[in-house]
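Take a look at the structure below.
Side-chain atoms are counted along with the backbone in the values below, which use heavy atoms only and exclude waters and symmetry mates. We count ligands from 1, going down the list as the structure has it; atoms in each ligand are counted the same way. In what follows, residues are counted from 1 in the order of the sequence shown.
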Amino acid sequence: MTQPVFRFAPSPNGPLHLGHAYSAMLNHDMAADAGGRFLLRIEDIDMARSQPEFERAICADLSWLGLDWQEPVRRQSDHFDDYRSALDALIDGGVVYPAFTSRAATRAFVAEAEEDGTPWPRDPDGVPHAPPLDRERSVSERSRRMADGEPFAWRLDMKAALSHLGGKLDWHETGAGPNGEAGAVQADPARWGDVVIARKDTPTSYHLAVVVDDALQGVSHVVRGRDLFHATSVHRLLQELLGFAPPVYHHHRLVLDHTGRKLSKSKGDAGLAALRTAGMTPADIRRAVGL
Ligand code: GLU
């Protein structure tokens, strides 16, 4: 049997908080129990928000917690060529199209479509589905606009992508979804509409990078927060399109604050470093997150 591979994949855009500590320690514990390897991946494709200081702080916090990981650490911004190859395969397969429509034009389209009270479809994060404007453009118009140097993203043509599937699309869930989904879970990527596969400024998006990295790193077990449960439907579809074997998924509970809301960097929840300075020990952190 091949050795199981687990990974913790933070984005270096702020300090780690208790929610990250829980995810990292759970991953590390599960890898140890399975006799597996534990990897650290730095998800920094959003280069405007990612900072090397945060990457250094993440490593310091994880070491303080007593975690060790296999070197080398994979930093996504060092691997744009890998995402570009996967994107090229999707372009060749005819399942993505260039999308030129700006955010403002999308908002205007959705507002107009909803004027008569009919809600425009939204994805599981509440973001409106892409309007059909870009999907319906002629090949000649696409080529002309690309040749003119107009900025564009690549979007998945969800209908075309789904038509490539042979049978059912599911995954094995050993944790639980928001409604207790577990075991063989049926994926429903259509809920996401034509998702962005590569942004205007990078040859990838979160969905493509995570799927490519998990495959290239041989990740067998994805252990991550329940907030990413629905994104797994998109990940399963991309794995099928790119010919990657699916890992097992374990979506874990989120660590909530005393008001019951999810911890977040942007809302200023105390980072691990601040808790350490305040005198908490790694054992206190373990207890605080219920491990
Ligand atoms: N980088 C993502 C985050 O920090 C996690 C991605 C994943 O585990 O699939 O939320």
Side-chain angles (χ1 to χ4, degrees), residues 4-28 30-31 36-51 54-55 57-59 61-62 67 69 73-79 82-83 86 124-125 127 171-178 185 187 189 192 195-197 199 202 204-239 242 244 246-256 262-267 269 271-272:
V5 179
F6 292 72
R7 86 319 191 258
F8 175 58
S11 300
N13 53 17
L16 296 187
H17 54 57
L18 284 176
H20 300 107
Y22 175 61
S23 196
M25 290 192 289
L26 182 65
N27 257 294
H28 196 263
M30 287 178 72
R37 295 191 283 135
F38 174 67
L39 309 179
L40 173 63
R41 184 164 78 220
I42 299 294
E43 301 213 324
D44 63 344
I45 55 167
D46 187 345
M47 290 171 81
R49 294 178 63 212
S50 298
Q51 290 177 30
F54 289 129
E55 183 181 326
I58 286 170
C59 293
D61 286 343
L62 295 177
L67 309 191
W69 53 89
V73 170
R74 185 174 170 95
R75 188 180 302 113
Q76 289 188 324
S77 60
D78 293 338
H79 297 278
D82 290 332
Y83 313 133
D125 289 342
V127 176
W171 77 83
H172 186 62
E173 174 67 49
T174 61
V185 175
W192 288 90
V195 282
V196 172
I197 292 300
R199 300 182 199 163
T202 42
T204 186
S205 65
Y206 159 65
H207 295 304
L208 183 64
V210 86
V211 160
V212 168
D213 285 346
D214 285 338
L216 293 184
Q217 294 190 285
V219 171
S220 58
H221 292 73
V222 171
V223 177
R224 62 185 178 193
R226 198 163 289 161
D227 50 339
L228 292 170
F229 179 82
H230 292 299
T232 309
S233 287
V234 176
H235 302 171
R236 283 292 299 113
L237 177 56
L238 290 175
Q239 285 156 358
L242 293 166
F244 297 149
V248 169
Y249 286 90
H250 184 101
H251 292 92
H252 60 67
R253 64 180 165 81
L254 301 176
V255 177
L256 306 175
K262 189 187 141 188
L263 296 180
S264 103
K265 298 168 192 170
S266 53
K267 298 203 178 88
D269 285 309
L272 290 178

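For the pair Arg7 and ligand 1, a heavy-atom separation below 4.0 Å is found. Ligand 1 is approached by Tyr206 to a heavy-atom distance shorter than 4.0 Å.
Between His251 and Tyr249, the two ring planes are parallel [angle under 30°; tilted spans 30° to 60°]. The aromatic rings of Trp192 and His207 sit perpendicular to each other, their planes meeting at more than 60°, with 30° as the lower class boundary.
Neither the backbone nor the side chain of Val222 has a heavy atom within less than 4.0 Å of ligand 1.
With contacts defined as side-chain heavy-atom distances shorter than 4.5 Å, the pair Phe38/Arg7 does not qualify. Considering only heavy atoms from C-beta on, Pro247 stays 4.5 Å or farther from Ser220 through its side chain.
For ligand 1, the atoms lying closer than 4.0 Å to a non-hydrogen atom of Ser11 are 1 (N), 4 (O). Under a 4.0 Å criterion applied to the non-hydrogen atoms of Val210, ligand 1 contributes the atoms 9 (O). Ligand-side atoms of ligand 1 in range of Glu43: 1 (N), 2 (C), 5 (C), 6 (C), range being under 4.0 angstrom from any heavy atom. Less than 4.0 angstrom separates some heavy atom of Arg224 from each of these atoms of ligand 1: 7 (C), 8 (O), 9 (O).
A cation-pi arrangement is absent between Arg224 and Phe229, since the terminal nitrogen or guanidinium carbon is not both under 6.0 Å from the aromatic centre and inside a 45° cone about the axis.
Atom CZ of Arg49 is surrounded by 12 or fewer heavy atoms from other residues, nucleotides or ligands within 6.0 Å.
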